[in-house]
Amino acid sequence: MQVQQSDVANVFDKFCQSVSLNLKRWTDTNNQSVWVRNLSVENAIDRELANLQTVLMNNIGDYQDDAFNRSNKKNDDLVDLYIQGMAISQTLQNGM
């Protein structure tokens with residue numbers, strides 16, 4: 001869990017760095033719309049947001065798959081240990 005948290009923090013750090021570079025190009029136009037005459041900045045930030053979504057979704061999917069596989073392996077190990085501990089001959093005698 002801490003590894004994933006660290007990965008997500010790194011993703012957001014990279015996102016903030018890349019967006020801040022684009023925001024430095026933003027100019028105040030004294031208009032009600034902050035994006036007037038800042039269309040290139042808006043487009044660059046939109047691309048960064050789309051990239052952020054992709055990276056986060058991949059991260060979540062990867063960690064979900066890993067958690068499922070670990071859980072599945074642990075369940076298999078528990079069942080194997082349970083079966084190994086069974087006294088099969090006694091179980092058959094008791095009519096299992």
Side-chain angles (χ1 to χ4, degrees):
M1 188 76 146
Q2 289 178 339
V3 173
Q4 183 181 17
Q5 198 171 13
S6 175
D7 286 350
V8 170
N10 288 334
V11 167
F12 275 106
D13 286 346
K14 289 178 185 177
F15 170 75
C16 290
Q17 288 173 355
S18 62
V19 168
S20 66
L21 293 174
N22 291 315
L23 287 175
K24 286 181 182 179
R25 296 187 344 222
W26 181 82
T27 57
D28 188 9
T29 59
N30 290 324
N31 196 330
Q32 288 184 349
S33 174
V34 297
W35 299 118
V36 170
R37 295 176 42 194
N38 287 298
L39 188 60
S40 65
V41 175
E42 179 184 14
N43 290 338
I45 291 174
D46 284 344
R47 282 190 301 274
E48 293 297 333
L49 285 169
N51 184 48
L52 175 66
Q53 179 185 12
T54 301
V55 171
L56 287 175
M57 293 302 288
N58 288 340
N59 180 283
I60 290 168
D62 291 345
Y63 277 96
Q64 279 179 333
D65 290 344
D66 182 56
F68 176 79
N69 291 335
R70 287 176 186 239
S71 173
N72 202 21
K73 172 87 170 96
K74 184 67 173 178
N75 288 338
D76 288 347
D77 291 345
L78 286 172
V79 170
D80 288 343
L81 286 173
Y82 178 76
I83 290 171
Q84 288 174 1
M86 292 177 71
I88 299 295
S89 59
Q90 281 182 332
T91 305
L92 290 174
Q93 288 174 0
N94 292 335
M96 180 179 161

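- Linking Ile, Leu, Val, Met, Phe, Trp and Tyr whenever their side-chain heavy atoms come within less than 4.5 Å leaves L52 and Y63 in two separate clusters.
- Note that the CZ atom of R70 and the CG atom of D65 stand 12.5 Å from one another [nearest 0.5 Å].
- At a threshold of 4.5 Å between non-hydrogen side-chain atoms, the residues N75 and V79 do not count as touching.
- Between Q4 and I60, the shortest heavy-atom distance links the atoms NE2-CA, 4.2 Å.
- Of the inter-residue distances, the one linking K74 atom NZ with N69 atom CG reads 15.5 Å to the nearest 0.5 angstrom.
- Between the CD atom in E48 and the CD atom in Q17 there is a gap of 11.0 Å [rounded to 0.5 Å].
- With S71 contributing its side chain and A67 its backbone, the two residues share no donor-acceptor pair below 3.5 Å.
- Linking ILVMFWY side-chain heavy atoms closer than 4.5 Å, directly or via other members, places I45 and L21 in two distinct hydrophobic clusters.
- Note that CG of D7 and CD of Q5 are 10.5 Å apart. Values are rounded to the nearest 0.5 Å.
- Between the N38 side chain and the T27 main chain, a donor and an acceptor come within less than 3.5 Å of each other.
- In this structure, CG on L81 lies 11.0 Å from CG on D76, to the nearest 0.5 angstrom.
- Remark: R25 CZ is packed, more than 12 non-hydrogen atoms of other residues, nucleotides or ligands lying under 6.0 Å away.
- In this structure, F15 and L49 have side chains that are in contact, with non-hydrogen atoms separated by less than 4.5 Å.
- In this structure, T54 OG1 and N59 CG are separated by 12.5 Å, a value rounded to the nearest 0.5 Å.
- In terms of modelled atom types and a separation under 3.5 Å, the side chain of S6 and the main chain of Q2 share no donor-acceptor contact.
- The closest donor-acceptor contact from the side chain of N51 to the backbone of R47 lies at 3.5 Å or more, if one exists at all.
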